[in-house]
Each structure stands twice: as structure tokens, then as C-alpha cells.
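Note on naming: letters A, B, ... go to the chains in the order of the sequence lines (proteins, then strands), and numbering restarts at 1 for each one.
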Amino acid sequence: TLSGKLQAVFERLGQKGKLGEKDVEEALREVRLALLEADVHFRVVRGLVDRVRARAIGSEVLQSLTPAQQVIKIVHEELVGLLGEPGKLASGGAPPQVIMLVGLQGSGKTTSAAKLALHLKKQGQRPLLAAADPYRPAAVEQLRILGRQTEVPVHAESAGDPVAISRAALQEARSNHLSHLIIDTAGRLQTDNALMGELQRIKAAVSATEVLLVADSTIGQEALRVAETFHTTVGLTGIILTKLDGDARGGAALSVREVTGVPLKFLGTGEMLEAIEPFYPDRMASRILG
Amino acid sequence: VFSKSELSAEVWDDLEEMLITADVGVSTTENILGELRGRERKGQIREIDGLREGLHQELVARLNQGISALALDDQPVVILVVGFNGAGKTTTVAKLGRYWQQAGKRVLLVAGDTFRAAGGEQLNIWAERLGLQCIAGQRGADAAALLFDAIASARARGFDVVLVDTAGRIHTKTNLMDELGKMRGIAQRQQIEVRTLLVLDASTGQNGIAQARAFRDAVGLDGIVVTKLDGTAKGGVLFAVADELGAPVRFVGTGEQPDDLVVFDPEAFVTAVLE
Ligand SMILES: Nc1nc2c(ncn2[C@@H]2O[C@H](COP(=O)(O)OP(=O)(O)OP(=O)(O)O)[C@@H](O)[C@H]2O)c(=O)[nH]1
Ligand SMILES: Nc1nc2c(ncn2[C@@H]2O[C@H](COP(=O)(O)OP(=O)(O)OP(=O)(O)O)[C@@H](O)[C@H]2O)c(=O)[nH]1
Ligand SMILES: [Mg+2]
Ligand SMILES: [Mg+2]
């Protein structure tokens, strides 16, 4: 673990007498290594290590009886600060709240849409799911099945244009006085200009109040560029990080947060539809540090 | 990096950033750069082109371990397609089915994902579109039992390749990994050759190494298919996976359509990483 490695570093350095600024550098190398191994983006790590260095060369660390613990404490605080407060779903204004789920192929959008619907239903809300992925074979059927499982209505059409489908779903949500419309969109590459344009048109057509990027927690360095492009092209209001029941450290959470400033709103923690949790920055920071 | 005119300290820093942001990982990057710095000190690398060539060679060498043909001579042979949730298994099974059918094999697809909503339907639709035979079960059916029946059917009907789609799973879930071992055991007890292909998303970070190791331990690893390389991710985690597990990358997924599959070419892959 990082704390184990830092203990070893400071034990060795402490044997030669008082600690100096140069000694902190060795500890910072271990911090950098831990963050890169956790898939935090190279440039985000650089910024973080610089901030930790500025604090670690003070007496807080150099004159501490437990310098390793002090460094861990500083790193943990910096991570928590960067991860920010958990975000809540938008509320207020005339119903329905319109939520779009967007992201790369296979990240967990369809599953997360159903999870979000169940979560809202348990809070006494009345959501509608919209199957706006007409491309992937059986995507509509997948959402239909999940809707039946959660007893949430699903707006589905046999074929068509995602913009028209979304508009029709909004119409259905309004005429049934439902509280939330959750739109499941097709996975897409952030470099696919046509499909990114489609997201812009869906958002405009339904005046979406929430656009959530659904990101796989096992994603590596590319998380930064993907999140940045989705944010500048479509405009994000939140992040859902999925598959946290695995053992990926999830450093992407930091990179995405740093580059978009958008809050983490939910975590996907399993394949079951109940497996959705609020985001706790403290726990996420510990997970990333490993 | 390589557009610079001379080998300065800055070049080494830029190289480190390029490799790490390609998901090559810190320790693999340090090993590679260590090798190259050693060669530079001995005078074997003197300028930027030499460095680029040396790096290219180092990377290709790591991918060329354990290369052997994916022997498909037995009849029938079962190919288990496994991997993390959402990696691209079902789509890859469709692509491989089409690939081998075009190569003259008689291919049977097995919709072995009896867990996820519409897991079987998704593969069935691909099979219909591609004119491939597909055996599916009810959602909730035992995947191992389905494989048993598919093998009997394949033998009776003379299929060469039985391509088995499996449910996505997280490699830390022991019961799910045991299920894969059970499926492989069923085929082996039928005196059937089993090959395992791991499907790995190109955008996976360092967790890809743990994934590959766990799947290999549970059900063996005869090859890797790296998917979504049409995205901006470079798939750099493959170098550590190849290095540690000696598992050859067989195919690359380059899109969402059935013909978006190419045979893995280490040279082309490394060239793209260094772009
Ligand atoms: N273990 C685990 N699996 C998850 C989680 N969220 C989603 N999955 C699984 O990940 C896989 C992909 O999920 P989907 O919901 O189909 O992903 P998607 O983003 O809609 O995929 P596309 O529509 O093709 O882009 C499925 O096997 C899901 O069951 C999670 O939090 N934990
Ligand atoms: N761009 C791109 N998308 C791909 C590729 N391979 C698969 N996909 C997409 O990735 C998403 C997930 O593919 P699936 O085949 O459902 O993945 P899976 O591993 O079977 O998922 P689970 O069974 O839920 O674990 C779909 O939207 C596919 O179209 C590829 O090579 N490139
Ligand atoms: Mg989907
Ligand atoms: Mg599948």
C-alpha cells in the first residue's frame, strides 16, 4: 500500500537524522506512482503532486514524528478536495425533470438508466424510461425488460430517430404527469461528430436538465479526453461511475472531475438494479490511493 | 516527441508522458525507457530516429511472445469468449462467427449469456443478420447445461467451430469465475478441445492486467481480442498483459459492425501507439 511504502521511505531517510526537502521528493515519487497505477491522468497527477509538495515541505511533515502518515493525510485531503461534494439530481422547475445518460460504448448506461429509475421510484417519484438507442441489437428490448423488472414504464418505438423518440417520450411523460424522464442513449465515441451532434439535438429537443456521463471505472488515461469532449460538445451536469464492485482503483474519477468540474452524482456497484449508491468523496479518495 | 531534432532530457520526459498516457503503465514504461537509456549510454542510440526505432522494436518484441496458431483443427472446437462487463464480447462473437464462416468453417454460435437482460436476443439478432446458426436458452438457464446441449448438437450436425458468448463478469467474483471453469470442464469431459479468448476494451487502464490474470487462472487464455480500438484509447495495457501472461493478441475490434474485425498486427498497433 502507499502508506506502507511511505513508512519504508521515511524510516530509511529518518535514520540519517533530520528530514529535508530533498527527502520529501522521494516520498512524492511513491505518491506519483500510486496515483498513476490508479489510472489518474498523467497531467492531473503532476498538478496534485505539486500541490502536495508545496504542503509537504513545511514543518507539517519535516518535523513530524510520523511523516509518512502526514504525507498520506495531505494527499488524502487533496484528493477529497478535488473530488468535491457529491452532486444531487436536478430538481425544481416544471416536471418532468429530463435526464440524459451519455457515454462510450458498454459503460453501463442502459443498466444505470434502470437503476436511476428504481432509485427515484423508491423516493416516491414517477419516472419514465425512454429507449433512445435504435442502433444496438436488442437495446430497446434490454430496457423494456429492465422496465418490467422495476415496474417503470418504458417509452419504446420499433425504429426511428433518437431525437424524435426522445420528443415523443417527453410528450408521454407530460401527458401522464410523470416526475422524471430518463433517456438512455446509444454508446458512442467522443470523436464521432455525427453522433455527438445527435446528442446536442436530443438535448435541445427535450431541454434536458441533467446530462450524466456514464463512465466505466476501469477506464484508463483516456477518461480525461473523453470527459472533456463530452462536456464541451454536449454539456454535462454530472457523472455516474460504474462497475465499482470490481477492483479498479477508479482514478478516472479524479481526471474527469479535474477537467470538467462536473460533480460525481452516483456510483454503480453491481449488475443488480438496486446496485446504485451516492458518491462519498472520502471513500473514493481511499480507494484511489489503494 | 519524435519531431524534435535532438536527444535531450526533455525528449525522455515527453516519451514517458506519451507511454503513460497510452496506458502502458508506469513499471512497463520504466522498464522500456531503462532499456533504451542503457543503449543510448553505450552509444547504440545516438539520435532521435534511432530512439524511435529502438522504442518501436522494444514494444513489438513484447507483443510477439507466445505467438502460436489458434489451432482450430479439431472438430468441433469450442471457443469460449469471456471478459469484463461491456467489453464487447457479444459483438465480437458475431464478428468472429462471420470471419470463420467466410474462411470456410461451419460455425455454431451459442448465446451463453443467460443472465443479462436481452443477452441472448442480442446475439440472436446478429446471427439472423449474418446467416449464422445460433443456439440460445431461456434467461436464467444454466449456461453450462446450454453448452453441453450445444456440443451434442454441434457433433450431430457437423459444425467445426462452436463460438460461445458468455455473460460479462467481474474477475473478482469467484463464483462467476468458477462458472467459466465449469463450462470449460464440461467441454473437456466431452473430449472437445476448448480455446478461451479474452475480450478486452482498448480503453481499459491498469485493471486490465488483473482482469487478464484472473480469467487466465480460471479458464485459460489462448488469445485476446482488443475491442474499440477505433476510439482514441491506445490499448497500451496490452504490453504489460503480453509481457506478464505471454498471451497473444489475436484480433482487433475496430467498430460496431460485423466486418469491423481485423487480425492483430503488432507492427501496425505499435505504430499507432507511437503516433
Ligand atoms: N458488475 C457491474 N456490472 C455493471 C454495472 N453497470 C453496468 N454493468 C454491466 O455492464 C454491461 C454493460 O452495461 P450496459 O448497460 O448494457 O452498457 P451500455 O452503456 O448501455 O452499453 P451500450 O448501450 O452498448 O453503449 C452489462 O453487462 C451490465 O450488466 C456495475 O455497476 N457493476
Ligand atoms: N466502437 C466500437 N464499439 C464496439 C466494439 N466492439 C463492441 N462495441 C460496442 O460496445 C458495446 C458493448 O458491446 P457488447 O458486445 O454488448 O459487449 P459485451 O461484452 O457482450 O457486454 P456484456 O455482455 O453486457 O458484458 C456495444 O455498443 C457494441 O456495439 C468496437 O470494436 N468498436
Ligand atoms: Mg445501452
Ligand atoms: Mg454480451
Going by heavy atoms in the side chains, are A:Q105 and B:T227 under 4.5 Å from each other?
no
dist A:K243:NZ -> B:F84:CZ (nearest 0.5 Å) comes out at 6.0 Å
For the atom pair CG (A:D216) and CG (B:N85), what is the distance rounded to the nearest 0.5 Å?
8.5 Å
Can you say whether A:T191 sits under 4.5 Å from chain B via the side chain, the backbone, both, or neither, judging by heavy atoms?
side chain
The interface call for B:E17 against chain A, heavy-atom contacts under 4.5 Å, is both
Could you measure the distance from the CD atom of B:E121 to the CD1 atom of A:I145? Nearest 0.5 Å is fine.
5.0 Å
Report the distance from atom CD of A:E37 to atom CD1 of B:I20, rounding to the nearest 0.5 Å.
10.0 Å
Where on B:T232 is there a heavy atom nearer than 4.5 Å to chain A: the side chain, the backbone, both, or neither?
both
Could you tell me whether A:R43 atom CZ has more than 12 heavy atoms of other residues or ligands within 6.0 Å of it?
no
Quick check on B:K234 against chain A: is it the side chain, the backbone, both or neither that has a heavy atom closer than 4.5 Å?
neither
Between A:Q142 and B:A117, which heavy-atom pair has the shortest distance, and what is it?
CG-O, 3.5 Å
Does any donor atom in the side chain of B:N207 or A:D247 lie under 3.5 Å from an acceptor atom in the other side chain?
yes
Quick check for you: to the nearest 0.5 Å, what is the distance between B:D201 atom CG and A:L104 atom CG?
8.0 Å
More than 12 heavy atoms of other residues, nucleotides or ligands under 6.0 Å from NZ of A:K22: yes or no?
no
Among A:R46, A:R32, A:H41, A:R249, who wins on heavy-atom pairs under 4.5 Å with chain B?
A:R32
State, with a plain yes or no, whether a side-chain heavy atom of A:R136 is found less than 4.5 Å away from one of B:T91.
no
Measure from the side-chain N and O atoms of A:D39 to the backbone N and O of B:Q206, and report whether any donor-acceptor pair falls under 3.5 Å.
yes
Is A:R144 close to chain B through its backbone or its side chain, or both, or neither, when contacts mean heavy atoms under 4.5 Å?
neither
Of all heavy-atom pairs between B:D23 and A:Q221, which one has the smallest distance, and what is that distance?
OD1-N, 2.8 Å
If we define contacts as heavy-atom pairs under 4.5 Å, which of A:G108, A:A248, A:G187 has the most with chain B?
A:A248
For B:E10, look at atom CD and say whether over 12 heavy atoms of other residues, nucleotides or ligands are found less than 6.0 Å away.
no
If you count heavy-atom pairs under 4.5 Å with chain A, which of B:T172, B:D230, B:T21, B:V237 comes out on top?
B:T21
For B:A118 against A:A138, the heavy-atom pair lying closest together:
CB-O, 3.7 Å
With only heavy atoms counted, which part of A:D192 is less than 4.5 Å from chain B, the side chain, the backbone, both or neither?
neither
Is any side-chain heavy atom of A:P137 closer than 4.5 Å to one of B:R129?
yes
